[in-house]
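Start at 1 and go down the list; that is how both ligands and their atoms are numbered. Both backbone and side-chain heavy atoms feed into the values below; hydrogens, waters and symmetry mates do not. Source: prediction; values computed, not measured.
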Amino acid sequence: MKVSYFGHSCFGVEVGNKNLLFDPFISSNKLAGKIDIKSIKADYIFISHGHEDHIADAVEIAKNTNAVVISNFEICNWLNKRGIDNFHPMNVGGKWIFDFGKVKCVNAVHSSSMPDGSYGGSAMGFLVSTGDSHFYYAGDTALTYDMKLIGDYRNLNFAFLPIGDNFTMSADNAIIASDFIKCDKIIGMHYDTFDYIIIDKKEAIEKFKQQDKSLILFEIGETKEI
Ligand code: NI
Ligand code: MN
């Protein structure tokens, strides 16, 4: 699968002829200044929770692309009040079959208020299955034993995990998470964007290597075949 990185926790994943976009936070991310959000393709926009650094560009990109927003019920309602009509509300534990594949919403241990302070429902992660391929986008979360359910449930090809610490789990905890989800190919996210989450990337990659796992980190704007 072709995966593109737009900074922080924002990734595009090409699934067949559909473009899935996760947690768009680009125009106000100082590190992602070279990305023009008008150039971003999306058929579906996934929003893991309501925090600004995951939803900042959702309204504009949804309007530009007419993508379907997949998020929790409260976030879909919030976006609807801002002119977005094309959405599919879900909640933790639920699954739905879309034209690109299956999505199951899983638990994330995190908070979820909206940028205006209103209630943002529960933070979640997404399990995406398409054909024989499965991947996990964790959103913002702590390390949690619930991740063992994901490992038992699906044979993951790769997973997006936060590694920045302070607001989410750290790279060390992501190594444990990768055991829980039984997946050794991890794409790191939610690091370096803010002072609180600047990490030693070389050290993190090395720690994964020592456990025979791979931590894949992207340059912002980079696309890789995963
Ligand atoms: Ni957050
Ligand atoms: Mn965040």
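For His8 and Phe194, the ring centers sit closer than 6.0 Å to each other. Aromatic ring centres of Phe11 and Phe22: separated by at least 6.0 Å.
Vertex the Mn ion (ligand 2); arms to Asp53 atom OD2 and His54 atom NE2; angle 90° (nearest 10°).
Taking backbone and side chain together, His54 holds no N, O or S atom under 2.8 Å from the Ni ion (ligand 1). Residue His110: no N/O/S atom is found under 2.8 Å from the Mn ion (ligand 2). Taking backbone and side chain together, Asp53 holds no N, O or S atom under 2.8 Å from the Ni ion (ligand 1). Residue contacts to the Mn ion (ligand 2): His49 brings no N, O or S atom closer than 2.8 Å.
The existence of a salt bridge linking Glu222 and Lys224 is confirmed by a sub-4.0 Å separation between a basic side-chain nitrogen and an acidic carboxylate oxygen. Checked for salt-bridge contact, Arg82 and Asp116 meet the test: a charged N lies under 4.0 Å from a carboxylate O. With respect to Lys18 and Glu14, no salt bridge is recorded, no charged nitrogen being found less than 4.0 Å from a carboxylate O.
Within His51, the N/O/S atom positioned nearest the Ni ion (ligand 1) carries the name ND1. Minimum-distance N/O/S atom of Asp140 relative to the Ni ion (ligand 1): OD2. Taking the N/O/S atoms of Asp140 in turn, the shortest distance to the Mn ion (ligand 2) belongs to OD2.
Residue Lys213 places its NZ atom among more than 12 non-hydrogen atoms of other residues, nucleotides or ligands, all under 6.0 Å distant.
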